[in-house]
Amino acid sequence: MSVTHRLTAPAPGWTTDTDVVVVGSGVAGLTVALNVRRAGLRAMVVTKAMLDDGSTRWAQGGIAAALGKGDTPEQHLADTLVAGAGLCDGDSVRTLVTEGPDAVRRLIAVGAAFDRGEDGDVLLTREGGHHRNRIAHAGGDATGAEISRALVEAVRRDPDVELIEHALVLDLLTDADGHAAGLTLHVMGEGQRDGVGAVRARAVVLATGGMGQVFSATTNPAVSTGDGVALALRAGAEVTDLEFVQFHPTVLWLGPGAEGQQPLVSEAVRGEGAHLVDADGVRFMLGQHELAELAPRDIVAKAITRRMQEHGTDHMYLDGRHFGAEMWQRRFPTILASCRAHGIDPVTEPIPIAPAAHYASGGVRTDTRGRTSVPGLSACGEVACTGVHGANRLASNSLLEGLVFAERIAADLTARHAAGGLPERVVDVGAARAARPVPLPAPEARAEIQRLMSRGAGVLRSAASMAAAAEGLALLAGQTRAAAAEEKPADPRVETWEAANLLLVADALVTAAAQREETRGCHWREDFPERDDAHWQRHLITTLTASGGPVSTLEEP
């Protein structure tokens with residue numbers, strides 16, 4: 001297999017080499033780097049901003065694992081399968097829940113300090129879809145920040161983990177056999193590594209996070225532009241389950257027209273007893289599900305959206321006034337500060353909330369060792385689809401998935417290296433040059449992509465809404481090709497590369513979502529409101545055609 005598509009970019013002006021190059025510096029990427037280093041392999045971490053600027057640091061609620069008395073991996077497995085709405089891979093989920101507790105203990109050994117009770121045990125809380133208290137948290141509601149801090153410090157202590165910050169990954173490099181042999185990237189800095197360069201490597205690991213910026217309102221940071229999924233598609237890899245984008249039910253509503261990254265109000269707030277209410281103070285989740293406000297996220301997001309439609313409003317409320325000031329300050333200091341910064345005091349008033357794009361359950365298709373369909377290319381974390389999440393991620397399984405499958409990738413690479421299966425790779429320069437260059441949209445296309453996706457492929461979808469989104473995306477793509485043909489292309493730079501990635505993943509998402517004619521998990525079709533196991537309890541696998549457009553194929557039963 002050879003790479004057939006690449007972003008329009010200058011030829012690399014510099015080259016370096018390593019054994020394993022990891023793209024991304026969240027819990028998944030840093031865990032891979034630390035573990036392959038322990039095996040004596042050289043590791044390089046490439047990250048888009050600073051080392052601690054990824055999605056991990058924004059995770060508030062915690063990390064789920066069967067650590068508490070009376071809890072078992074089997075119970076965790078059962079809750080995960082229910083949330084996944086019939087599309088979880090059983091082997092992947094069993095791997096997650098059985099290896100998860102020890103993985104969390106190893107994370108603690110690295111230096112992550114979780115909140116503990118007077119008896120010294122890790123404090124555990126509940127979130128939506130869990131029937132047990134199994135969410136470990138840190139700093140009250142700053143779990144991701146604490147995990148990121150511990151892993152970043154561990155990486156910085158190892159002088160043999162090489163770091164390249166402020167670097168946008170561009171495309172995969174392969175050898176003559178189609179095996180991953182490195183990647184191209186653009187470094188936003190000065191000095192020897194400035195501009196477009198190349199990293200040659202024996203193995204490439206994608207841990208680039210999600211693609212929430214494809215929507216106007218999201219909890220994802222600005223760097224989450226689907227770069228890893230787009231790179232994988234251009235490299236010929238299979239991606240799957242892209243239609244299952246989880247919208248977090250409780251995101252701080254900042255007014256009509258608010259765009260970009262929105263403040264999250266963690267599910268743990270509901271786990272501690274906060275209620276969802278409408279403007280009249282009515283708890284509308286009662287009777288909707290046995291767990292009421294702690295139902296799986298797709299159910300809660302749909303209930304909020306329905307209530308908003310019924311009332312003709314664009315937000316509902318989360319009421320935690322009964323917590324009192326001391327509990328807000330102790331348990332949720334980050335959320336309290338965020339709300340107050342926007343003029344809302346949760347101690348004395350309900351918090352206005354609305355669903356916003358939060359997590360991509362789908363991504364680059366992998367096996368339980370993190371291997372993709374492209375030899376030598378692995379993926380973990382939100383960019384990957386391991387099969388754990390199915391049609392809807394169970395709350396706080398994401399950090400655990402990144403941790404567990406990162407460890408498995410490192411173990412796989414270590415074993416292959418010991419067996420002589422990670423030889424040095426020679427980049428097939430001819431194939432790299434022959435790959436079809438993808439024209440770049442103008443930077444302002446980003447906002448238009450987000451508007452199209454939010455209107456046509458958000459919480460509520462229909463054939464008509466997604467056809468409108470697809471038509472708008474096709475128009476943008478046509479304008480981009482026309483500008484390139486008229487020799488008026490957009491300049492190759494970060495903003496246009498990101499816009500190209502967003503356009504590709506948006507197109508792929510809509511292609512899959514339009515094809516799945518049912519409602520399942522966080523994919524909600526107004527025109528097909530029922531779940532249809534007879535036809536659709538299977539995955540859609542998306543690849544690129546020779547012309548560069550996405551096509552989705554239903555896997556064999």
With heavy-atom distances below 4.5 Å as the criterion, would you say the side chains of Val347 and Leu336 are in contact?
yes

Heavy atoms of Leu172 and Gly182 approach each other most closely as CD1-O, 3.4 Å

Give a yes or no answer on whether the side chain of Thr18 reaches the backbone of Val21 with a donor-acceptor pair at less than 3.5 Å.
no

Donor-acceptor contact present, side-chain Arg202 to main-chain Leu422, <3.5 Å:
yes

Lys/Arg-Asp/Glu bridge criterion (N-O < 4.0 Å) met for Arg270, Glu127
no

Between Glu153 and Arg156, is the closest basic N to carboxylate O distance under 4.0 Å?
no

Kindly say whether Phe244 contributes a backbone atom to a donor-acceptor pair with the side chain of Asp241 at under 3.5 angstrom?
no

Measure from the side-chain N and O atoms of Glu165 to the backbone N and O of Leu51, and report whether any donor-acceptor pair falls under 3.5 Å.
yes

Heavy-atom closest pair, residues Ala457 and Val510
CB-CG2, 4.3 Å

Looking only at the side chains, is there a donor atom on one of Arg134 and His130 sitting less than 3.5 Å from an acceptor on the other?
yes

Answer yes when Asp160 and Arg37 have at least one side-chain N-carboxylate O distance shorter than 4.0 Å, and no when they do not.
yes

Nearest 0.5 Å please: distance from the CZ atom of Phe114 over to the CG atom of Leu123.
11.5 Å

Report yes if the side chains of Pro346 and Ile335 come closer than 4.5 Å at any heavy-atom pair, otherwise no.
no

Could you go step by step and tell me if Thr143 and Glu146 meet the side-chain hydrogen bond (donor to acceptor under 3.5 Å, both in side chains) rule?
CA-CA 5 Å; Thr143 311; Glu146 172 57 19; over 6 Å; no

Going by the angle between their ring planes, with limits at 30° and 60°, are His322 and His275 parallel, tilted or perpendicular?
parallel

Classify the ring geometry between Phe323 and Trp328 as parallel (under 30°), tilted (30 to 60°) or perpendicular (over 60°).
tilted

Taking side chain as C-beta onward, heavy atoms only, is Arg234 less than 4.5 Å from Asn501?
yes

For Ser552, does its backbone N or O pair with a side-chain atom of Thr542 as donor and acceptor, under 3.5 Å?
no

So, taking the atom named CG in Asp71 and the one named NE2 in His131, what distance separates them when rounded to the nearest 0.5 Å?
12.0 Å

4.5 Å side-chain heavy-atom contact, Val20 and Met44
no

Within the distance-only criterion (no hydrogens, no angle test), does the side chain of Glu267 pair as donor or acceptor with the backbone N or O of Ala395 below 3.5 angstrom?
no

Let's go through Val46 and Leu163 carefully: what are the C-alpha distance in whole Å and the side-chain angles of both, what is the deciding distance for side-chain contact (heavy atoms from CB on, under 4.5 Å) to 0.1 Å, and is it a yes or a no?
CA-CA 6 Å; Val46 174; Leu163 307 174; over 6 Å; no

Approximate separation, where rounding is to 0.5 Å, of Tyr359 OH and Thr219 OG1
11.5 Å

Under a 4.0 Å threshold between the charged nitrogen and the carboxylate oxygen, would Arg408 count as salt-bridged to Asp412?
no

Please report the closest heavy-atom contact between Pro221 and Gln213, naming both atoms and the distance.
O-NE2, 3.2 Å

On a heavy-atom basis, which atom in Ala357 and which in Thr218 lie closest, and how many Å separate them?
O-OG1, 2.8 Å

Could you tell me whether Arg106 and Glu407 have a side-chain N and a carboxylate O separated by less than 4.0 Å?
yes

Measure the shortest side-chain to side-chain distance between Val97 and Glu74 over non-hydrogen atoms and say whether it is less than 4.5 angstrom.
no

Working to the nearest 0.5 Å, report the span between CG of Leu107 and CD1 of Ile63.
6.0 Å

Verdict with reasoning, Leu252 to Cys339, per side-chain contact (heavy atoms from CB on, under 4.5 Å)
CA-CA 8 Å; Leu252 185 61; Cys339 288; 4.2 Å; yes

So, does His342 use its side chain to make a donor-acceptor pair with the main chain of Ser338 at under 3.5 Å?
yes

Per side-chain contact (heavy atoms from CB on, under 4.5 Å), Leu168 is matched among Thr208, Val223, Asp227 by Asp227

Looking at Asp91 and Arg94, is any side-chain nitrogen of the basic one under 4.0 Å from a carboxylate oxygen of the acidic one?
no

Does the side chain of Val494 reach to within under 4.5 Å of the side chain of His186, using non-hydrogen atoms?
yes

Carboxylate-amine/guanidinium proximity below 4.0 Å for Glu162 and Arg42
no

What's the shortest heavy-atom distance between Ser92 and Thr368, and which atoms?
OG-CG2, 3.6 Å

Between Asn397 and His76, does any side-chain donor sit less than 3.5 Å from a side-chain acceptor?
yes

Would you mind reporting whether Trp253 and Ile353 have side-chain heavy atoms less than 4.5 Å apart?
no

Side chain to side chain, Met211 and Leu242, heavy atoms closer than 4.5 Å:
yes

Please report the shortest heavy-atom distance between Leu206 and Leu377, naming the atom on each side.
CG-CD1, 3.8 Å

Kindly compute the distance separating CG (Leu87) from CG (Asn392), expressed to the nearest 0.5 Å.
11.0 Å

Rounded distance [0.5 Å steps], CD in Glu382 versus OG in Ser361:
8.5 Å

Say whether, by atom type as modelled, one donor and one acceptor occur between the side chain of Glu293 and the main chain of Leu291 under 3.5 angstrom.
no

Counting only N and O atoms by type, is there a donor-acceptor contact under 3.5 Å from the side chain of His248 to the main-chain atoms of Thr250?
yes

Sequence-distant partners of Arg38, salt bridge (Lys or Arg N to Asp or Glu O under 4.0 Å), two or more places apart
none

Would you check if there is a donor-acceptor pair between the side chains of Glu401 and Ser398 at a distance under 3.5 Å?
no

Check the pair Val269, Phe332 against side-chain contact (heavy atoms from CB on, under 4.5 Å), reporting the backbone distance first and the verdict last.
CA-CA 8 Å; Val269 178; Phe332 302 111; 3.8 Å; yes

Is any side-chain N of the basic residue among Glu238 and Arg365 closer than 4.0 Å to the acidic one's carboxylate O?
yes

Residues Arg516, Glu243: salt bridge by 4.0 Å N-O rule
yes

For Gln246 and His389, does a side-chain donor sit closer than 3.5 Å to a side-chain acceptor?
no

Going through the checks in order, is the side-chain contact (heavy atoms from CB on, under 4.5 Å) test met by Met316 and Leu276?
CA-CA 7 Å; Met316 287 285 118; Leu276 283 165; 5.6 Å; no

Pairing of Glu498 and Lys48 as salt bridge, 4.0 angstrom limit:
yes

With no hydrogens and no angle check, is any side-chain donor or acceptor of Ser454 less than 3.5 Å from a backbone partner on Ser216?
yes

